Amino acid sequence: MSSGFYTGAFLDHALATGHFRMGNELFTTQEVHIGYEGRRSITDIAFWLRLNLSKAKETKTTRRIRKKCADFTFTIEPAYLSSEIELLYYEYYLSINFDGYFTCSDFIPEMNTENAGFNTLMIHIRDKGRLIGVGFFDIGKQALMSVLHFYHPDYKRFSIGKYIMLLTKDFAQSRKMDFVYPGYFLLGQSKMDYKLFPQREAMEVYLTDVQTWEPVEKFTKIELYNYYFKEILGVDLIPTDDVAAYYKSQKEKLDEFEPPEHLF
């Protein structure tokens, strides 16, 4: 995709067709690199998600998180980078046990500059003046996408990451938007399942072959495995209740196929 400014209705359309931000561009995929087995790259299957705001409601969990974070203050403003933000990101980076960019500026190389492809806002969360959480999101006309959330590890018990998700949802609802796009989740592991928050019942999953969104609660992960192999790759598989064993046993079949590209 050529360079450009991905804002307004164009961004809405890109998100609705399974695209997302990477650096200062848009991309799409259904396979994500997760590590190596010897020299062999291991991938997992990804499905894109969105929160349908017309279905989103408060739950016991969301109310509990809001109550835990009630003493913190927050602001929402045009995004920028500072040494304070980079220091917080570095503290967060040292605490995680998965791959990530070394700096915040590596993750988001352009923010509201003349070369930026997106209109990016940020959430600052503070505890008595101390910066404890930051969230970046890009806005379109009727939708936004969450780009990067991080927080100080000292505040992990407050569920700051999920609180940022709630504040992002609140912002979208205040603008009378239709959807919030949190990115993808993975079928072979649970580390991205937090993106089903704040409400699984309001979350939708993108089916690339028919280019439609369906309620995620209609599918188990094993059903999405079957769907991907059969409908996307044309490979019939034997169902099993063990997702991890299922994926590993079928990986050789997956390697025989190139994932299709879905463009506008």
Side-chain angles (χ1 to χ4, degrees), residues 1-32 45-56 76 78-79 107-112 116-123 135-149 161-162 164-187 192-219 224 227-228 232 259-264:
M1 182 177 298
S2 61
S3 298
F5 286 83
Y6 309 129
T7 59
F10 182 89
L11 181 61
D12 293 350
H13 177 71
L15 295 172
T17 52
H19 291 74
F20 207 75
R21 178 175 186 158
M22 176 179 283
N24 198 37
E25 297 290 340
L26 288 167
F27 84 110
T28 189
T29 186
Q30 272 203 267
E31 281 197 65
V32 176
I45 299 169
F47 274 83
W48 298 96
L49 296 170
R50 76 180 181 187
L51 177 67
N52 187 330
L53 293 173
S54 69
K55 300 178 181 179
I76 301 178
F107 197 105
I108 310 178
E110 297 285 348
M111 288 190 194
N112 299 323
F118 301 86
N119 183 4
T120 307
L121 300 182
M122 67 180 176
I123 298 171
F136 294 99
F137 60 92
D138 297 325
I139 60 172
K141 185 177 181 180
Q142 290 301 127
L144 64 80
M145 63 173 162
S146 295
V147 179
L148 175 64
H149 299 167
K162 289 183 176 179
I164 293 172
M165 295 174 77
L166 288 176
L167 295 177
T168 304
K169 176 184 75 72
D170 293 346
F171 176 89
Q173 289 177 320
S174 74
R175 293 290 187 94
K176 300 187 182 331
M177 291 182 169
D178 298 321
F179 303 105
V180 170
Y181 291 81
Y184 58 76
F185 78 138
L186 301 173
L187 298 190
M192 295 292 183
D193 286 3
Y194 73 89
K195 293 181 181 179
L196 295 170
F197 181 84
Q199 189 182 8
R200 187 182 181 93
E201 293 80 4
M203 197 65 66
E204 297 175 343
V205 63
Y206 187 59
L207 305 181
T208 58
D209 64 318
V210 289
Q211 297 188 330
T212 61
W213 293 86
E214 295 289 342
V216 73
E217 62 180 347
K218 289 177 58 176
F219 306 94
L224 288 175
Y227 179 90
Y228 180 75
I232 305 299
E261 292 185 1
H262 292 277
L263 304 178
F264 299 146

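Fair warning: this is a prediction, and the values are worked out from it, not measured in the lab.
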So, do Leu187 and Phe47 sit near enough that their side-chain heavy atoms are less than 4.5 Å apart?
yes

Quick check for you: to the nearest 0.5 Å, what is the distance between Arg175 atom CZ and Lys141 atom NZ?
13.5 Å

Distance-only, no hydrogens or angles: does the Trp213 side chain make a donor-acceptor pair with backbone N or O of Ala16 under 3.5 Å?
yes

Can you find a heavy atom in the side chain of Ser54 that is under 4.5 Å from one in the side chain of Asp178?
no

Run the side chain to side chain contact (heavy atoms under 4.5 Å, CB included) test against Glu110 and tell me which residues pass, sequence neighbours left out.
Asn24, Thr113, Asn115, Ala116

When you compare the side chain of Thr168 with that of His149, does any pair of heavy atoms fall below 4.5 Å?
yes

Taking Gly117's backbone N and O only, do any of them form a donor-acceptor pair with Glu25's side chain (distance below 3.5 Å, no angle check)?
no

Indicate whether the side chain of Ser146 and that of Arg21 have a donor and an acceptor atom separated by less than 3.5 Å.
no

Shortest non-hydrogen pair, Ile164 vs Gly135, comes out as CG2-CA, 3.8 Å

Separation of Leu53 CG from Gln199 CD (nearest 0.5 Å):
10.5 Å

Mind checking the CD-CG spacing from Glu201 to Leu51? Nearest 0.5 Å is all I need.
11.0 Å

Hey, are the side chains of Leu49 and Met192 touching, using non-hydrogen atoms and a 4.5 Å cut-off?
no

Side-chain contact test, heavy atoms from C-beta onward, threshold under 4.5 Å: evaluate it for Leu207 versus Tyr227 and give yes or no.
yes

Which value, rounded to the nearest 0.5 Å, describes the distance between Phe197 atom CZ and Lys169 atom NZ?
9.0 Å

Determine whether Thr17 and Tyr206 make a side-chain contact, defined as any pair of heavy atoms from C-beta on separated by less than 4.5 Å.
yes

Lys162 to Tyr194, cation-pi by 6.0 Å centre distance and 45° axis angle:
no

Across all chains, not counting sequence neighbours, the salt bridge (Lys or Arg N to Asp or Glu O under 4.0 Å) partners of Lys218 are Glu214

Can you give me the closest heavy-atom contact between Gly140 and Met177, atom names plus distance?
O-CE, 3.9 Å

Whether the side chain of Asn52 engages the backbone of Ala202 through a donor-acceptor N/O pair (distance < 3.5 Å, no angle test) should be reported.
no

Rounded to the nearest 0.5 Å, how far apart are CG of Leu148 and CZ of Phe107?
5.0 Å

So do the side chains of Phe137 and Met145 get within less than 4.5 Å of each other, counting heavy atoms only?
no

Distance from Leu15 atom CG to Phe10 atom CZ, nearest 0.5 Å?
10.0 Å

Checking the side chain of Thr28 only, and the main-chain atoms of Gly18 only, is there a donor and an acceptor separated by less than 3.5 Å?
yes

With a 4.5 Å limit on heavy-atom distance, are the side chains of Leu144 and Tyr181 in contact?
no

Go through the structure and list residues passing salt bridge (Lys or Arg N to Asp or Glu O under 4.0 Å) with Lys55, not counting sequence neighbours.
Glu204

Donor + acceptor pair across side chains of Asn112, Thr120 (<3.5 Å):
no

Taking the six-membered ring for Trp, are Phe27 and Trp48 ring centroids under 6.0 Å apart?
yes

Under the criterion side chain to side chain contact (heavy atoms under 4.5 Å, CB included), I'd like the reasoning laid out for Phe171 against Leu121: C-alpha separation, chi angles, the key distance, then a yes or no.
CA-CA 10 Å; Phe171 176 89; Leu121 300 182; 3.4 Å; yes

Knowing that exactly one of Asn119, Ile139, Asp138 qualifies, which makes a side-chain contact (heavy atoms from CB on, under 4.5 Å) with Thr7?
Asn119

Using the ring centroid of each side chain, check whether Phe118 and Phe5 are separated by less than 6.0 Å.
no

Gln30 and Thr208 side chains, donor-acceptor separation under 3.5 Å:
yes

Working for side chain to side chain contact (heavy atoms under 4.5 Å, CB included), residues Ile45 and Leu186:
CA-CA 6 Å; Ile45 299 169; Leu186 301 173; over 6 Å; no

